[in-house]
Amino acid sequence: PVDMNLNEFQNAANAIRGLAMDAVQKANSGHPGMPMGMADVATVLWKNFLKHNPQNTKWFNRDRFVLSGGHGSMLIYSLLHLAGYDLSLDDLKNFRQWGSKTPGHPEYSDTPGVETTTGPLGQGFANAVGMALAETSLAARFNINNSNIVDHYTYCLVGDGDLQEGISHEAASFAGHHKLNKLIVLYDDNDITIDGATGLSFSEDIEKRFESYGWHVQKVDGHNFEEINKSILAAQSETKKPSIISCKTKIGFGSPNKSGTSDAHGAPLGEDEVKLAKEKLGLPVDKHFFIGPKVLTFMRTQLDDGISANKKWDGIFDQYKKSYPDKALVFEQIMNKDWGSNWKKQFPAFKAGSSVATRKASGAVLNSIAPHIPALMGGSADLTPSNNTLPKGEESFSAENRIGRYIRYGIREHAMGSIMNGMALHGGIIPYSGTFFVFADYMRPAIRMAALMKQQVIYVFTHDSIGLGEDGPTHQPVEHLASLRAMPNLTVIRPADANETVEAWRAALENTNGPTAIVLTRQGLPVLNQEELAPAKNLAYGAYILTEDDNPEIILMASGSEISIALEAKEILNEKGKKVRVVSVPATELFDEQSTTYRKTVLPANLPKVAIEAGASQSWYKYTGSNGTVIGLDRFGASAPYKELYKNLGITSEAVVNAAMEMLP
């Protein structure tokens with residue numbers, strides 16, 4: 001940190017306020033209040049502390065900055081421009097317009113320097129926890145004898161809305177328990193939300209709350225540059241706890257009539273108020289998007305600082321490669337998302353004739369591959385024995401054991417999902433985690449964000465249907481397959497047996513352009529005979545012909561456990577003289593990506609079709625069309641042994657045969 005020239009800091013902060021007001025006014029849409037209120041805090045952080053290189057946005061050892069309150073996007077856009085990123089003044093003028101680099105909420109990959117997509121409140125906070133977790137894990141595994149190739153902070157700016165969301169409680173508790181001391185959160189404590197004063201719905205003592213989580217807590221005047229500076233220094237010196245700095249601010253700071261009110265939150269201030277605010281802040285009233293020449297000079301010293309820090313790190317890593325070539329090779333692999341090819345030879349194979357729950361097959365896959373993929377880091381939401389997500393011999397990550405690659409998330413599904421997003425965004429880690437499929441609902445907003453950002457995150461969802469039996473409808477996912485299949489960029493794989501489960505993991509590990517959900521059974525499923533039926537490797541096509549008679553008259557298609565029902569139905573129909581094709585459909589997204597020719601070959605339009613799945617029927621009609629039917633479950637389940645449930649709820653080979661016979665001549 002440098003000496004504080006308060007006048008220069010004030011000019012830079014006021015430039016941010018002016019840019020935020022002008023961009024929102026020009027777009028006639030946006031949120032000026034938070035950028036204006038937190039401009040002082042952000043200026044100190046970015047000028048004095050943030051270690052980053054605007055010319056190399058993917059430098060591995062940069063500090064991460066997360067704007068969790070993504071509605072205040074003009075704050076980060078202004079900072080990125082002032083710091084010298086590839087974000088021009090014209091980009092700022094194009095705020096919230098089609099195709100611009102400055103969308104309404106910050107979007108990962110759209111804007112250089114934006115570390116994560118934020119907007120749904122609380123998610124950025126949990127992403128930051130995941131980034132800090134990744135830094136802590138990788139530092140423990142790769143830093144040797146003061147060769148600190150992983151050594152950076154994660155800074156996160158949050159507001160009252162972030163801290164009201166339930167996910168913030170889950171993630172803050174997790175971070176405090178694991179003593180993630182490289183995490184520093186700056187809280188915009190302005191007492192205002194959209195509806196009005198926070199007192200309408202919010203009266204807790206935030207400082208005491210975070211103290212109870214085991215955090216280092218400070219409270220400062222968010223408009224006092226020296227206090228802000230001292231508080232960040234104190235947070236950096238805390239080695240045992242994550243830190244939160246409560247910054248008392250005024251929303252819309254500088255606006256004479258709207259500052260401190262909800263009117264400043266989510267709408268343009270209005271041309272007259274903008275002029276009054278500029279007058280009060282000492283900005284030229286008749287100029288839009290004004291940045292004083294000294295402001296750019298002041299803020300863009302970060303360019304030289306960042307390039308220098310990056311070069312220094314390059315030198316440290318060059319020496320590291322000479323001293324520890326094996327470790328350096330692994331580190332370069334995980335940085336470049338290149339795990340080599342050895343892991344591809346490690347997958348187990350299952351013999352036909354046995355009965356294996358696909359959740360157990362998944363556990364066997366992890367046992368085989370985890371030692372060969374250093375980037376793989378898994379966990380469970382307190383369901384480890386049920387999810388089979390702990391590879392043999394793997395240690396748990398903890399405050400005392402930073403090198404463990406297994407994470408005990410506790411019963412915190414939403415935070416778990418967003419923490420995994422943060423880990424994936426940080427780089428160096430492929431995160432996976434397990435819970436019951438029905439609890440995908442608890443983490444759905446995080447799954448959606450992983451899909452939106454196209455991050456490689458792997459979900460192990462077990463107890464996938466009424467097949468879990470006696471736990472009943474509260475735990476039996478019915479609508480979840482259809483629901484997740486509706487989400488863009490998410491690949492949902494429901495394997496039919498142990499060998500398809502192997503291929504599901506292969507597909508998930510090769511899918512670097514989005515998240516993958518592997519949906520698995522509690523109950524045992526027969527391992528299909530790959531010598532008599534098509535091999536499981538065809539899962540890569542999403543759907544494939546498992547078996548068929550010459551000149552088939554009808555197609556039976558299914559996913560997961562219902563493939564066995566389809567095969568039973570085929571035998572009965574064969575006895576009745578009917579010719580049948582059985583199609584395994586483990587992943588509709590992968591099938592939809594195939595060529596039109598392949599899809600028409602597998603599911604020709606002229607053949608009637610019966611789809612079978614122990615879940616909501618709606619996602620199957622695009623395949624069955626009007627000349628077909630679905631044996632599904634458009635109601636909630638019940639509590640009973642699973643075989644009775646299948647029988648009483650009508651998901652049986654007999655029901656499939658009856659449906660097929662009605663369609664056949």
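Note that the numbering runs from 1 along the sequence shown for the chain.
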Query raised in the report: Do E207 and S246 have side-chain atoms, one donor and one acceptor, less than 3.5 Å apart?
Result: yes

Report task. Could you grab the distance from atom CD1 of I251 to atom OG of S262, nearest 0.5 Å is fine? Result -> 8.0 Å

Requested in this report: Say whether N145 and Y324, considering side chains only, have a donor N or O and an acceptor N or O under 3.5 Å apart.
Outcome: yes

Query raised in the report: Is NZ or CZ of K47 both nearer than 6.0 Å to the six-membered ring centre of F9 and within 45° of the ring axis?
Result: no

Query raised in the report: Given S231 and Q218, is the side chain to side chain donor-acceptor pair (under 3.5 Å) satisfied, shown in steps?
Result: CA-CA 7 Å; S231 69; Q218 300 175 79; 4.8 Å; no

**Report entry** Within 6.0 angstrom of R405 CZ, more than 12 heavy atoms from elsewhere
**Finding:** yes

Query raised in the report: Relative to the ring of H265, is the ring of H31 parallel (under 30°), tilted (30 to 60°) or perpendicular (over 60°)?
Result: perpendicular

Query raised in the report: CG/N387 to CZ/F461 distance, rounded to the nearest 0.5 angstrom?
Result: 10.0 Å

Report task. Return yes when atom NZ of K101 has more than 12 non-hydrogen atoms of other residues, nucleotides or ligands closer than 6.0 Å, and no otherwise. Result -> yes

Query raised in the report: Does NZ in K454 sit with more than 12 non-hydrogen atoms of other residues, nucleotides or ligands closer than 6.0 Å?
Result: no

Query raised in the report: Does the Y153 side chain pair with the main chain of Q236, one donor and one acceptor, at a distance under 3.5 Å?
Result: yes

Requested in this report: Report yes if some heavy atom in the side chain of M34 is under 4.5 Å from a heavy atom in the side chain of L157; otherwise report no.
Outcome: yes

Report task. State whether a side-chain donor-acceptor pair under 3.5 Å links N181 with T239. Result -> no

Query raised in the report: Have Y77 and D91 got a donor and an acceptor in their side chains that come within less than 3.5 Å?
Result: no

Query raised in the report: Are P445 and P120 side-chain neighbours, meaning at least one heavy-atom pair lies under 4.5 Å?
Result: no

Query raised in the report: Take atom OH in Y442; do more than 12 heavy atoms of anything else shown fall under 6.0 Å from it?
Result: no

Requested in this report: Please confirm whether the backbone N or O of L269 pairs with a side-chain atom of K258, one donor and one acceptor, at under 3.5 Å?
Outcome: yes

Query raised in the report: What do the steps show when you test D189 against K219 for salt bridge (charged side-chain N to carboxylate O under 4.0 Å, His left out), and what is the final call?
Result: CA-CA 10 Å; D189 180 12; K219 195 174 180 77; 3.3 Å; yes

Query raised in the report: If you measure only the distance, is there a donor-acceptor pair under 3.5 Å linking the side chains of N257 and E273?
Result: yes

Query raised in the report: Is it true that the NZ or CZ of K327 lies under 6.0 Å from the centre of Y320's six-membered ring and within 45 degrees of the ring axis?
Result: no

Query - Between D151 and N61: side-chain donor-acceptor atoms closer than 3.5 Å - result: no

Query raised in the report: Going through the checks in order, is the side chain to side chain donor-acceptor pair (under 3.5 Å) test met by D160 and T198?
Result: CA-CA 8 Å; D160 288 303; T198 52; 5.1 Å; no

Report summary line: Distance col, row N224:CG vs K248:NZ, nearest 0.5 angstrom, shows 15.5 Å

Query raised in the report: Taking the side chain as C-beta and beyond, is there a heavy-atom pair between N489 and L452 under 4.5 Å?
Result: no

Report task. Decide if the gap between the ring center of F439 and the ring center of H414 is smaller than 6.0 angstrom. Result -> no

Query - Gap separating the NE2 atom of H426 from the CG atom of N421, nearest 0.5 angstrom - result: 14.5 Å

Report task. Quick one: pull up CD1 in I429 and CD in E135 and give me the separation to the nearest 0.5 Å. Result -> 10.0 Å

Query raised in the report: Does F174 have its ring centroid less than 6.0 Å away from the ring centroid of H178?
Result: yes

Report task. Answer with yes or no whether the side chains of Y406 and T389 bring together a donor and an acceptor at under 3.5 Å. Result -> yes

Query raised in the report: Which pair of heavy atoms, one from D162 and one from G69, lies closest together, and at what distance?
Result: OD2-N, 3.4 Å

Query raised in the report: Side chains of S396 and R408: is there a donor and an acceptor less than 3.5 Å apart?
Result: yes

Query raised in the report: Centroid-to-centroid, F331 to F60, below 6.0 Å?
Result: yes

Query raised in the report: Between R300 (side chain) and T297 (backbone), is there a donor-acceptor pair under 3.5 Å?
Result: no

Requested in this report: Before giving the answer on side chain to side chain contact (heavy atoms under 4.5 Å, CB included), spell out for W313 and I149 the whole-Å C-alpha distance, their side-chain angles and the decisive distance to 0.1 Å.
Outcome: CA-CA 7 Å; W313 183 85; I149 57 170; 4.0 Å; yes

Report task. Measure from the side-chain N and O atoms of R141 to the backbone N and O of P374, and report whether any donor-acceptor pair falls under 3.5 Å. Result -> yes

Query raised in the report: Are any of the side-chain heavy atoms of F142 and I334 separated by less than 4.5 Å?
Result: yes

Query raised in the report: Does a donor on one side chain and an acceptor on the other come within less than 3.5 Å for Q123 and S418?
Result: yes

Query raised in the report: Does a donor on one side chain and an acceptor on the other come within less than 3.5 Å for D63 and H52?
Result: no

Requested in this report: Of all the heavy-atom pairs spanning I228 and G222, show the shortest one and how long it is.
Outcome: CD1-O, 3.5 Å

**Report entry** Heavy-atom closest contact (G18 atom, L283 atom, distance)
**Finding:** CA-CD1, 3.8 Å

Query - Side-chain donor or acceptor of S73 paired with backbone N/O of G104 under 3.5 Å - result: yes

Query - Main-chain N/O of G37 paired with N190 side-chain donor or acceptor, under 3.5 Å - result: no

Query raised in the report: Just wondering, are more than 12 heavy atoms of other shown residues or ligands nearer than 6.0 Å to NZ in K230?
Result: no

Query raised in the report: Is any side-chain N of the basic residue among R412 and D382 closer than 4.0 Å to the acidic one's carboxylate O?
Result: no

Query - Under 3.5 Å: donor-acceptor pair, side chain of S137, backbone of L133 - result: no

Query raised in the report: Do the ring planes of F210 and W215 sit parallel (below 30°), tilted (30 to 60°) or perpendicular (above 60°)?
Result: perpendicular

Requested in this report: Please check if any side-chain donor atom of Y85 sits under 3.5 Å from a side-chain acceptor atom of T111, or the reverse.
Outcome: no

Report task. Would you confirm whether S255, through its side chain, and G252, through its main-chain N or O, come within 3.5 Å as a donor-acceptor pair? Result -> no

Query raised in the report: Is I458 close to I430 at the side-chain level, that is, under 4.5 Å between some pair of heavy atoms?
Result: yes

Requested in this report: Would you please say whether a donor-acceptor pair under 3.5 Å links the side chains of N401 and E395?
Outcome: yes

Query raised in the report: Say you draw a straight line from CE of M74 to CG of L67; how long is it, rounded to the nearest 0.5 Å?
Result: 11.5 Å

Query raised in the report: Charged N to carboxylate O below 4.0 Å: is that the case for R62 and E115?
Result: yes

Query - Neighbour count >12 (heavy atoms, 6.0 Å) for atom CG, L6 - result: yes

Query raised in the report: Side chain of D22, backbone of L19: donor and acceptor closer than 3.5 Å?
Result: no

Query raised in the report: Tell me, do F289 and M21 make a side-chain contact under 4.5 Å, heavy atoms counted?
Result: no

Query raised in the report: Quick one: do the Y213 and H177 side chains pair a donor with an acceptor below 3.5 Å?
Result: no

Query raised in the report: Does the side chain of T116 come under 3.5 Å of the side chain of N127 through a donor N or O and an acceptor N or O?
Result: yes

Query raised in the report: Does a side-chain heavy-atom distance below 4.5 Å link F65 with T154?
Result: no

Query raised in the report: S433 versus Y409: any side-chain heavy-atom pair under 4.5 Å?
Result: yes

Report summary line: Smallest heavy-atom separation, L183 atom then A175 atom, equals CD2-CB, 4.2 Å

Query raised in the report: Does NZ in K250 sit with more than 12 non-hydrogen atoms of other residues, nucleotides or ligands closer than 6.0 Å?
Result: no

Query raised in the report: Would you say the side-chain atoms of E170 pair up with the backbone N or O of A415, donor to acceptor, closer than 3.5 Å?
Result: yes

